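Scope of the values below: all heavy atoms of this structure, side chains included, with no hydrogens, waters or symmetry mates. Small disclaimer: the values here were computed from a predicted structure and weren't measured.
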Protein chains: 2
Amino acid sequence: MPIETLRLLADPLRAQILGLLARESLCTCHLIEETGASQTNVSNHLRLLREAGLVSSEPCGRYTYYRLRPERLRELADTLSDVADAAVANSETKRPCP
Amino acid sequence: MPIETLRLLADPLRAQILGLLARESLCTCHLIEETGASQTNVSNHLRLLREAGLVSSEPCGRYTYYRLRPERLRELADTLSDVADAAVANSETKRPCP
DNA sequence: GCAATACATCAGTTCTCGCTGATATCACAA
DNA sequence: TTGTGATATCAGCGAGAACTGATGTATTGC
């Protein structure tokens with residue numbers, strides 16, 4: 001279901017978190033510091049991202065490291081690319097109105 | 001701003017409309033029939049999609065034909081692909097906790 | 001001209017979802 | 001073991017977005 005992935009990516013804070021994690025693995029305290037958002041808020045978003053398979057978490061002492069998983073992003077990129085291809089291929093097709 | 005494009009794609013009805021338009025150009029009455037949604041609702045969504053440059057509209061008598069524009073979809077697909085690439089490239093990078 | 005169809009617009013209602021505040025848990029240090 | 005810092009969870013609130021209903025505007029057919 002790429003629609004759920006799209007919904008998760010469409011939030012500014014979640015997008016920012018994923019952008020930060022694309023550069024390096026970070027723990028929650030880093031993400032709170034970088035985004036300026038509250039701890040609760042960041043933690044809630046990370047939960048959603050983890051459940052959707054967009055990030056993976058790795059406990060490290062009292063810290064928790066988060067890493068961006070590329071699989072869902074690639075799936076989505078491919079799907080969007082396919083839709084764009086189809087639009088070009090069928091640009092002349094037109095269903096007639098009765 | 002791909003975030004606005006993401007937000008528009010994240011709605012089930014809008015996604016369905018774009019999926020239908022990827023196969024062929026359709027007028028509003030077709031989209032109402034195919035989706036089962038109300039005329040007002042479809043028209044409102046088409047307005048948003050048009051303003052965002054995701055579809056283009058062409059008046060044809062009393063009908064209005066809509067066509068899917070691939071540009072924004074490609075941009076988004078490329079952006080997501082780049083993020084996925086970055087995640088793979090920096091998978092070993094890890095910011096230390098103090 | 002008149003009725004009907006296709007479509008757009010706007011105000012209002014409903015509902016989803018992001019944010020907050022309070023609380024719980026766990027690890028580490030003194 | 002007591003305290004502190006890092007993180008997770010949950011209930012409730014509020015802003016925003018989707019959907020509806022009413023209305024307006026063309027265009028076509030009679």
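The nearest pair of heavy atoms linking A:Cys29 to A:Cys27 is SG-SG, 3.0 Å.
Listed in residue order, the members of residues 45-56 of chain B having a heavy atom less than 4.0 Å from DNA chain D are B:His45. Within residues 7-16 of chain A, no residue approaches DNA chain D, by heavy-atom distance under 4.0 Å.
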Do nucleotides 20-30 of chain C as a string where each nucleotide becomes B, S or -: B if the base has a protein heavy atom under 4.0 Å, S if just the sugar-phosphate does, - if no protein is that close.
BBB----SS--

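Remark: B:Leu46 CG to B:Ile17 CD1 distance equals 5.0 Å, nearest 0.5 Å. We find the CD-OG1 distance between A:Glu33 and A:Thr28 to be 12.5 Å, quoted to the nearest 0.5 Å. Between B:Ile3 atom CD1 and A:Leu9 atom CG the span is 8.0 Å, to the nearest 0.5 Å. In this structure, NE2 in B:His45 is found 11.0 Å from CG in B:Leu18, a value given to the nearest 0.5 Å.
In this structure, OH of B:Tyr63 is placed 16 Å from P of C:dA4, rounded to the nearest angstrom. As rounded to whole Å, 10 Å separates atom P of C:dA8 from atom CG of B:Leu31. Between the CD1 atom of A:Ile3 and the P atom of C:dC17 there is a distance of 12 Å, given to the nearest Å. Atom pair B:Leu26:CG and C:dA6:C1' shows a separation of 15 Å (rounding to whole Å applied).
Across all strands shown, A:Tyr65 has no heavy atoms under 4.0 Å from either base or sugar-phosphate atoms. When heavy atoms are screened at a 4.0 angstrom cut-off, A:Ser43 is found touching base atoms of the nucleic acid.
Sorted by first and then second residue, the salt bridge (charged side-chain N to carboxylate O under 4.0 Å, His left out) pairs involving residues 39-51 of chain A (not counting sequence neighbours) are A:Arg47-A:Glu51. Pairs passing the salt bridge (charged side-chain N to carboxylate O under 4.0 Å, His left out) check and including a residue from residues 14-30 of chain B, sequence neighbours excluded, read A:Arg95-B:Glu24.
With sequence neighbours left out, the salt bridge (charged side-chain N to carboxylate O under 4.0 Å, His left out) criterion links B:Glu71 to B:Arg69. Remark: A:Ala37 pairs with A:Leu13, A:Thr35, A:Asn41, A:Val42 by the side chain to side chain contact (heavy atoms under 4.5 Å, CB included) rule, at least two apart or across chains. In terms of the side chain to side chain contact (heavy atoms under 4.5 Å, CB included) criterion, residue partners of A:Thr40 (sequence neighbours excluded) are, by chain and number, A:Ser38, A:Asn44. Evaluation of the side chain to side chain contact (heavy atoms under 4.5 Å, CB included) rule for B:Gln39 yields B:Ile32, B:Ser43 as partners, not counting sequence neighbours.
Placement of B:Tyr65 and B:Leu54 in two distinct hydrophobic clusters is found when ILVMFWY residues are connected by side-chain heavy-atom separations under 4.5 Å, directly or transitively.
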Check nucleotides 13-15 of chain C against the protein and report each pair of N or O atoms closer than 3.5 Å, with its distance, or say if there are none.
none

Below 3.5 Å, can you tabulate the donor-acceptor pairs from side chains in residues 75-85 of chain A to any protein atom, sequence neighbours excluded?
unit_1: A:Thr79; atom_1: OG1; unit_2: A:Glu75; atom_2: O; d: 2.9
unit_1: A:Asp85; atom_1: OD1; unit_2: B:Arg74; atom_2: NH1; d: 3.1
unit_1: A:Asp85; atom_1: OD1; unit_2: B:Arg74; atom_2: NH2; d: 2.7

